[in-house]
Amino acid sequence: MKKIKKDIRELSKKEIQEFFLSHNEPSFKGTQVYQWLWKKGVHDFDLMTNLSFGHRALLKTNFEIKHIKIDDYQRSIDGTIKNAVKLHDQFIVESVLIPTSKRSTACVSSQVGCSLDCVFCATAALKRMRNLNADEIYDQVVAMDNQSKLYFNRPLTNIVFMGMGEPLMNYKNVLSAINKIIDPEGLAMSPRRITLSTSGIPKMIIKMAVDKVKFGLAVSLHSARQEVREKIMPFANKFPLTELSKALKFWYEYSNKPITYEYVIWEGINDKLEDIQALVKFCHKIPSKVNLIQYNPIDKSSMNEAPVEVIESYLKELSKAKINVTYRRSRGEDISAACGQLANKLQSN
Ligand code: SAH
């Protein structure tokens with residue numbers, strides 16, 4: 001009968017060291033294996049070249065290394081790379097590597113599909129199938145770090161949790177992946193270079209503050225008027241803006257970190273002066289800045305981005321109110337890799 005092997009990546013460093021000790025081998029071999037797995041992202045025992053053949057054989061008979069696989073990828077004319085990432089159970093998520101002159105940013109998925117139903121987002125059409133586990137999240141980052149070195153001659157500089165899914169609905173696994181990303185024995189990245197983007201779940205924002213996380217927080221706001229926000233982000237009726245702003249205030253008081261609001265301006269939805277005024281008022285509650293994002297049209301949607309004059313009046317009014325604001329052009333639009341366009345179009349099966 002075939003022996004069922006345990007995934008070695010479920011073991012802590014101490015457990016791997018103990019495995020070696022229990023086979024009368026030195027525990028530092030366990031440290032080396034841990035570094036191969038987490039610092040170097042190796043998925044094959046035979047590539048662990050500072051282990052003897054005997055040690056490799058011992059590991060192979062007892063363990064397997066489960067990992068994701070980049071099934072397919074597309075490159076945009078602007079350099080953006082969109083990956084179709086195959087998980088152990090054949091589900092596919094997408095992750096995107098976005099290069100600029102100085103940065104390489106990895107946009108990471110946290111769930112297969114999404115349970116929120118934002119009317120403007122392509123991922124919303126995919127039912128939420130399951131949460132990604134911490135390794136699957138971490139592996140996306142390692143894969144894009146390698147791609148960045150290969151294509152752009154530098155490691156990743158930034159990570160954003162803005163791919164498929166709602167990271168605060170998979171908080172535990174996202175946090176444990178981030179802990180490995182910042183661990184000196186993992187990727188040793190600074191948490192200041194990591195941003196988690198949420199649709200705004202008040203109790204989880206409070207939890208992040210209490211947990212004293214060191215990464216940044218972005219909130220997909222899109223409207224500071226409750227009735228408008230509920231129309232485009234229907235779950236917002238459960239998490240009203242009053243609760244959201246209380247949680248954000250708590251976050252700021254605890255972490256001292258300002259918040260970034262992501263905001264798309266649509267024709268006929270949030271293009272009026274009262275929308276701008278509501279946003280100004282909301283921003284003045286807590287130190288924050290606004291990223292106006294270009295709308296990336298999705299199939300079947302009848303929504304259109306507001307004309308440039310409306311965007312300009314947002315920019316003007318926010319600046320006048322001393323609120324830091326930028327308008328971000330999309331990247332990777334030609335390959336459907338831009339915000340809100342991730343919907344497994346690469347998936348062939
Ligand atoms: N669930 C998280 C992260 C995923 S969405 C969140 O809601 O923040 C990443 C960002 O893309 C969010 O700010 C989201 O509002 C935005 N987005 C979604 N669909 C979009 C679209 N079609 N065009 C532009 N931005 C979009």
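Positions are given from 1, in the same order as the sequence printed here. Quick caveat, the model's predicted, so the values are computed rather than measured.
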Please confirm whether the backbone N or O of [Y] pairs with a side-chain atom of [X], one donor and one acceptor, at under 3.5 Å?
{"X": "Glu166", "Y": "Cys114", "answer": "no"}
{"X": "Ser109", "Y": "Glu94", "answer": "yes"}
{"X": "Arg328", "Y": "Gln294", "answer": "no"}
{"X": "Asn324", "Y": "Ser288", "answer": "no"}

*asked:* Consider side-chain contact (heavy atoms from CB on, under 4.5 Å). Of Ile98, Thr105, Thr100, which one does Asn158 pass it with?
replied: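 Considering Ile98, Thr105, Thr100, a side-chain contact (heavy atoms from CB on, under 4.5 Å) with Asn158 is found only for Thr105.
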*From Ile159, Ile178, Ile182, Ile181, residue fulfilling side-chain contact (heavy atoms from CB on, under 4.5 Å) relative to Pro191*: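 The passing option is Ile182.
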Which heavy atom of [X] sits nearest a heavy atom of [Y], and at what distance?
{"X": "Gly41", "Y": "Val142", "value": "CA-CG1, 4.1 Å"}
{"X": "Cys107", "Y": "Gly163", "value": "SG-N, 3.5 Å"}
{"X": "Ile65", "Y": "Asp7", "value": "CA-OD1, 3.8 Å"}
{"X": "Gly113", "Y": "Thr123", "value": "C-CG2, 4.0 Å"}
{"X": "Ser110", "Y": "Asn170", "value": "O-ND2, 2.9 Å"}
{"X": "Arg229", "Y": "Ser220", "value": "NH2-O, 2.9 Å"}

_Audit row: Tyr138, Trp38, ring-ring contact (aromatic ring centres under 6.0 Å, His included) steps and yes/no_ = CA-CA 9 Å; Tyr138 181 81; Trp38 297 113; 5.2 Å; yes
_Results of side-chain contact (heavy atoms from CB on, under 4.5 Å) for Ala188 - residues two or more places apart only_ =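 Ala188 satisfies side-chain contact (heavy atoms from CB on, under 4.5 Å) with no other residue.
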Residue pairs, two or more places apart or on separate chains, that pass salt bridge (Lys or Arg N to Asp or Glu O under 4.0 Å) and touch [range]:
{"range": "residues 197-223", "value": "Lys207-Asp211"}
{"range": "residues 15-38", "value": "Lys14-Glu18"}
{"range": "residues 134-144", "value": "Arg9-Asp135, Arg9-Asp139, Arg130-Glu136"}
{"range": "residues 246-272", "value": "Glu243-Lys246"}

Applying a strict under-4.5 Å side-chain criterion to I, L, V, M, F, W and Y, I'd like to know whether [X] and [Y] cluster together.
{"X": "Ile8", "Y": "Phe28", "answer": "no"}
{"X": "Leu37", "Y": "Leu47", "answer": "yes"}
{"X": "Leu150", "Y": "Met144", "answer": "yes"}

_Validation row: Leu132, Asn173 side chains within 4.5 angstrom (heavy atoms)_ =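 Leu132 does not reach Asn173 side chain to side chain.
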_Phe215 vs Phe161, ring-ring contact (aromatic ring centres under 6.0 Å, His included): CA-CA, chis, key distance, verdict_ = CA-CA 11 Å; Phe215 47 86; Phe161 282 85; 7.5 Å; no
Within the supplied structure, the quantity of interest is the number of heavy atoms (other residues, nucleotides, ligands) at a distance under 6.0 Å from [X] [atom1]; does it exceed 12?
{"X": "Lys40", "atom1": "NZ", "value": "yes"}
{"X": "Arg154", "atom1": "CZ", "value": "yes"}
{"X": "Lys60", "atom1": "NZ", "value": "yes"}

_Fellow cluster residues of Val160, listed by chain then number, with links counted only when side-chain atoms sit under 4.5 Å apart_ =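 Val160 clusters with Met162.
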*Tracing side-chain links under 4.5 Å among I, L, V, M, F, W and Y, which residues wind up in one group with Val210?*
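Its cluster partners, ordered by chain and number, are Ile206, Phe250, Tyr254.
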Salt bridge (Lys or Arg N to Asp or Glu O under 4.0 Å) partners for [X], two or more places apart:
{"X": "Lys39", "result": "none"}
{"X": "Glu10", "result": "Lys6"}
{"X": "Lys13", "result": "Glu185"}
{"X": "Glu64", "result": "none"}

_When you measure from the centre of the six-membered ring of Tyr151, is the NZ or CZ of Arg75 closer than 6.0 Å and no more than 45° off the axis?_
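Yes; both conditions hold, so Arg75 lies above the ring face of Tyr151.
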*Would you confirm whether the ring centroid of His55 sits within less than 6.0 angstrom of the ring centroid of Phe20?*
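So the answer is yes for these two rings.
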_Residues Ile232, Cys118; criterion side-chain contact (heavy atoms from CB on, under 4.5 Å); working and verdict_ = CA-CA 6 Å; Ile232 50 177; Cys118 305; over 6 Å; no
*What orientation do Tyr263 and Tyr314 show, parallel under 30°, tilted 30 to 60°, or perpendicular over 60°?*
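Plane angle between 30° and 60°, so tilted.
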*Does a donor on one side chain and an acceptor on the other come within less than 3.5 Å for Asn83 and Gln147?*
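Side-chain D/A pair, Asn83 to Gln147: present.
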_Hydrogens and angles aside, do Glu230 and Asn237 bring a side-chain donor and acceptor to less than 3.5 Å of each other?_
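Short answer, no.
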*Not counting sequence neighbours, which residues clear ring-ring contact (aromatic ring centres under 6.0 Å, His included) with Trp266? List them please.*
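In terms of ring-ring contact (aromatic ring centres under 6.0 Å, His included), with neighbours along the sequence ignored, Trp266 is linked to Phe120, His222, Tyr295.
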*Step by step, work out the side chain to side chain donor-acceptor pair (under 3.5 Å) result for Asn291 and Thr326.*
CA-CA 5 Å; Asn291 269 354; Thr326 52; 2.7 Å; yes
